[in-house]
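Before any comments, here is the structure.
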Amino acid sequence: EAQVTQNPRYLITVTGKKLTVTCSQNMNHEYMSWYRQDPGLGLRQIYYSMNVEVTDKGDVPEGYKVSRKEKRNFPLILESPSPNQTSLYFCASSLYGAQPLNTEAFFGQGTRLTVV
Amino acid sequence: GENVEQHPSTLSVQEGDSAVIKCTYSDSASNYFPWYKQELGKRPQLIIDIRSNVGEKKDQRIAVTLNKTAKHFSLHITETQPEDSAVYFCAAPSAGGTSYGKLTFGQGTILTVHP
């Protein structure tokens with residue numbers, strides 16, 4: 001089954017304790033990205049990657065890191081989480097064919113992160 | 001980079017009425033405009049999209065229109081049903097410059113359809 005898988009689904013952590021949220025897709029998609037969703041602010045892009053070893057900042061990259069060592073995986077790293085990073089996080093992937101960015105984004109099931 | 005504005009933020013209609021949600025964008029090079037539906041507690045899913053070489057696209061009760069000159073696109077839902085209640089997001093990619101590849105979503109519209 002074609003899917004984007006995030007783990008964990010729920011996470012409560014303390015300020016300053018490094019954490020990683022994993023994201024994996026099995027559709028051979030080139031484009032992957034991370035979003036955070038906060039009430040009234042919609043989906044804001046954190047980082048995106050157009051292919052292996054290529055990553056770029058989205059609109060809200062501060063406090064986050066990513067890596068794209070393999071096509072299927074795109075982990076999100078919070079080196080020193082703070083309470084303002086409490087949010088719902090989504091990973092997504094797109095085919096990214098010959099025409100840039102004009103393909104459907106498939107979302108993971110989401111990770112609810114609470115930083116206390 | 002791209003700036004996407006979505007209105008209204010909330011929309012309440014009676015079952016059977018039509019609903020219209022509008023988005024404006026800033027990057028004139030953007031060429032793809034999707035709409036996503038997010039039901040409560042679930043992930044966003046694509047419901048319809050339009051590319052810049054067409055002005056309208058329809059799929060049963062939903063349609064999207066695009067006005068490239070005015071840089072806005074709209075989602076139209078006819079004969080609304082309670083199961084249409086959800087949050088709807090528009091999006092547009094940055095197609096040029098240093099923001100190439102970035103995807104910007106609107107702020108979302110909470111649609112409530114009353115039986």
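Just so you know, these numbers come straight off a predicted model, no measurement behind them. The chains referred to below are lettered A, B, ... by the order of the sequence lines, with proteins before strands, and numbering in each begins at 1. All heavy atoms count here, side chains included; hydrogens, waters and symmetry mates do not.
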* Asked: If you check every heavy atom in residues 54-68 of chain A against those of chain B, which residues fall under 4.5 Å?
  ->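 Answer by number: Lys57(A), Gly58(A), Asp59(A).
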Do other residues, nucleotides or ligands put more than 12 heavy atoms under 6.0 Å from [X] [atom1]?
{"X": "Arg61(B)", "atom1": "CZ", "answer": "yes"}
{"X": "Gln3(A)", "atom1": "CD", "answer": "yes"}
{"X": "Glu83(B)", "atom1": "CD", "answer": "yes"}
{"X": "Lys71(A)", "atom1": "NZ", "answer": "yes"}

* To do: Report yes if the side chains of Tyr48(A) and Lys102(B) come closer than 4.5 Å at any heavy-atom pair, otherwise no.
  =>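 Of all side-chain heavy-atom pairs linking Lys102(B) with Tyr48(A), at least one is under 4.5 Å.
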* Kindly indicate whether the side chain of Leu46(B), heavy atoms from C-beta on, has any atom under 4.5 Å from the side chain of Phe106(A). => no
Please classify the contact between [X] and chain B as side chain, backbone, both or neither, with a heavy-atom cut-off of under 4.5 Å.
{"X": "Leu41(A)", "value": "backbone"}
{"X": "Ala92(A)", "value": "neither"}
{"X": "Tyr47(A)", "value": "neither"}

Do [X] and [Y] land in one hydrophobic cluster if side-chain heavy atoms of ILVMFWY residues count as linked below 4.5 Å?
{"X": "Phe105(B)", "Y": "Ile50(B)", "value": "no"}
{"X": "Ile110(B)", "Y": "Tyr88(B)", "value": "no"}
{"X": "Leu95(A)", "Y": "Phe33(B)", "value": "no"}
{"X": "Tyr35(A)", "Y": "Leu76(A)", "value": "no"}
{"X": "Met32(A)", "Y": "Phe107(A)", "value": "no"}

* Can Leu103(B) and Tyr31(A) be said to form a side chain to side chain contact (heavy atoms under 4.5 Å, CB included), step by step? -> CA-CA 11 Å; Leu103(B) 184 63; Tyr31(A) 187 98; 4.2 Å; yes
* Nearest 0.5 Å please: distance from the CG atom of Leu43(A) over to the OG1 atom of Thr104(B). => 11.0 Å
* Proximity of residues 34-45 of chain B to chain A, residues having a non-hydrogen atom under 4.5 angstrom -> Tyr36(B), Gln38(B), Lys42(B), Arg43(B), Pro44(B)
